[in-house]
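Following: one structure in structure tokens, then a few remarks.
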Amino acid sequence: MRTALDGLLLTALVLLAGLNAVLPFGADGLLPEAAAGLAVASYLLGRSPVPARVACPTVAAVLLLHPVLALMLDRGPTPALAGGALAVLCAVTPWLAGRYLRRRAEAAGLGWRRAELLEREQEVAAERERVRERARIAARMHDSLGHELTLIAVRAGALEVDRDLEAEDYRRGVAELGAGAISSVERLQEIIGLLREESEEPPTDPSREDFRSLVERVRESGMGVDSRGEELWDTLSPRAREVLYSVAREALTNAAKHAPGAPVTLELRSAGGESVLTVANGASRKAEGSALASGGHGLSGLRERLRTAGGSLLAEAEADGGFTVRARLPLAGEAPLPGPASAPSPASGPASESGRQRTASRSSARSALLAAVTVPLCLLLFLALLWGGYYVHASARSVLPPDGFAALKVGESLADAAAVLPAEPMLDPPTEAGAPVPGAWACSHYRSRMAWPGARVDAYRLCFDDGVLVSKDVLVLGADREENR
């Protein structure tokens, strides 16, 4: 359907252009009657999505059609150049204006579509961040809640195996177990609430928890922990505290799970521009089957966190049956810790395809506007220069010197006068001056010398009747004035 309409539009444009080229300019100087239709058809062609490879040759053919037909109809160079100017004003200019408006509308449409795409992209990014945050909270749940539950298990195991405890000791131990269980339940409820509310706030902030408090809680649960370098904790940055606190908590939890009853050494030191945390436990003193269950994901998660923070984690078994966890973290220039990441800004990243299309569309609209202004001006300037050159040439061929005019005698034949007359008459003869001329006389006008249009100059009027010179007059032209001398 669109192709048929475009074909009809192109056909109408060519027909109207041919009609305009055939119709002469009115006697009163008005444009041909079909000029308005040609302008409308050209404008509609510019607004239509006709490819440039079809529209450009069509408009160029319309532009050339006017002067070519004028010359073929023997109207002379002046009507031919006037037809070219008509084609520029009524064909080229409307087409370029319609083309610019269409490309500007396309750029605006692409802008709205890009805005919709950006909104959808932001929604997808927000959903992705919510999923990432849930995964992060789940990892924190493993670290925090797993540690609390492990301490409860350690306390319960100590109450079970110690035969020398009094009733009061058992009651105190059971109370501690209850307090630990309540604390764990509260922590679990807090985490579940965060997951339900889709909050970006972490369930705990290890950088604000004290390293010494962690060690004390572990000792109170019955584990033997030898801690060294606790005074360095206060010198660390908040980011380093968060990572190292998580490492210490996970290593102590693993020691309680896999080596219950074994001595644990925890050391924090500074070496070679790095903070080094070492947690080592000896071989388990309990039966092999007494170790607590483990998911096996804690150390792998910590290793990833250390890598993201610019550090490294080493976890290896010792020859004596013990286990050592060693974390290294740069003292300065630590990378940002994993946490709730902000959605990437579409403007800050690489340009999207829609962004590139919108930029190209805007550039195309600006180019169309520039063409709509400069192309008609350049064509009109070219036609004006062409007309100026033709005017100078024609004027030079219409000069009759005063001596030649004086040599002409009334009653002389046209054949004898032709030897004196110039090759062509004036291009712009005076419209009214001198005595009235009978209708049967054929008059021609010649200029006495070359002059700019409007300059004061003598014009000679020679009238012939049946090939005989019957009248010769001198007309003074210039300064908006024509008078008979």
Side-chain angles (χ1 to χ4, degrees), residues 1-25 31-73 75 79-114 353-387:
M1 184 63 181
R2 180 71 254 180
T3 305
L5 290 176
D6 294 341
L8 256 152
L9 187 58
L10 290 170
T11 304
L13 177 67
V14 174
L15 290 177
L16 287 169
L19 185 61
N20 272 281
V22 170
L23 290 175
F25 285 88
L31 296 178
E33 290 77 358
L38 176 62
V40 171
S42 300
Y43 174 77
L44 293 178
L45 178 64
R47 291 302 301 264
S48 69
V50 176
R53 64 178 182 274
V54 176
C56 287
T58 303
V59 175
V62 168
L63 175 63
L64 294 175
L65 185 63
H66 285 74
V68 168
L69 281 180
L71 293 174
M72 291 176 62
L73 295 173
R75 293 179 180 171
L81 293 174
L86 173 69
V88 171
L89 295 175
C90 295
V92 177
T93 302
W95 174 68
L96 289 173
R99 178 170 166 264
Y100 160 67
L101 293 176
R102 175 172 59 85
R103 293 192 175 180
R104 190 181 70 171
E106 289 175 354
L110 282 174
W112 283 109
R113 287 195 291 273
R114 174 168 166 78
E353 182 61 28
S354 63
R356 285 191 290 270
Q357 290 180 0
R358 182 166 176 257
T359 302
S361 180
R362 283 184 168 181
S363 176
S364 177
R366 287 193 293 268
S367 300
L369 176 60
L370 183 64
V373 175
T374 58
V375 171
L377 290 178
C378 290
L379 289 175
L380 291 175
L381 178 61
F382 171 74
L383 291 175
L385 292 176
L386 197 61
W387 163 252

Taking all heavy atoms of [X] and all of [Y], pick out the closest pair and write down the distance.
X: Ala87; Y: Val62; value: CB-O, 4.1 Å
X: Ala70; Y: Ala80; value: CB-CA, 3.6 Å
X: Ala371; Y: Leu96; value: O-CD1, 3.4 Å
X: Ala97; Y: Ala372; value: N-CB, 4.2 Å
X: Pro94; Y: Leu89; value: CD-O, 3.3 Å

Rounded distance [0.5 Å steps], [atom1] in [X] versus [atom2] in [Y]:
X: Leu381; Y: Leu386; atom1: CG; atom2: CG; value: 11.0 Å
X: Leu10; Y: Leu15; atom1: CG; atom2: CG; value: 11.0 Å
X: Leu64; Y: Leu69; atom1: CG; atom2: CG; value: 10.5 Å
X: Leu81; Y: Phe382; atom1: CG; atom2: CZ; value: 9.0 Å

How about [X] and [Y]: do any of their side-chain heavy atoms sit closer than 4.5 Å?
X: Val375; Y: Val88; value: no
X: Pro376; Y: Trp95; value: no
X: Arg99; Y: Val59; value: no

Looking only at atom types and distance, does a side-chain atom of Ser42 sit under 3.5 Å from a main-chain N or O of Val92, one as donor and one as acceptor?
no

For Arg102 and Pro49, indicate whether the former's side chain and the latter's backbone hold a donor-acceptor pair under 3.5 Å.
no

Going through the distances and angles, do Thr58 and Val50 end up as a side chain to side chain contact (heavy atoms under 4.5 Å, CB included)?
CA-CA 11 Å; Thr58 303; Val50 176; over 6 Å; no

Not counting sequence neighbours, list each pair that qualifies as a side-chain hydrogen bond (donor to acceptor under 3.5 Å, both in side chains) and has a residue in residues 364-379.
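Listed by first then second residue: Arg103-Ser364.
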
Leu379/Leu63 under side chain to side chain contact (heavy atoms under 4.5 Å, CB included): CA gap, chis, key distance, verdict
CA-CA 10 Å; Leu379 289 175; Leu63 175 63; 4.0 Å; yes

With sequence neighbours left out, write down each residue that passes side-chain hydrogen bond (donor to acceptor under 3.5 Å, both in side chains) with Tyr100, or none if nothing qualifies.
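Checked Tyr100 against side-chain hydrogen bond (donor to acceptor under 3.5 Å, both in side chains); zero matches.
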
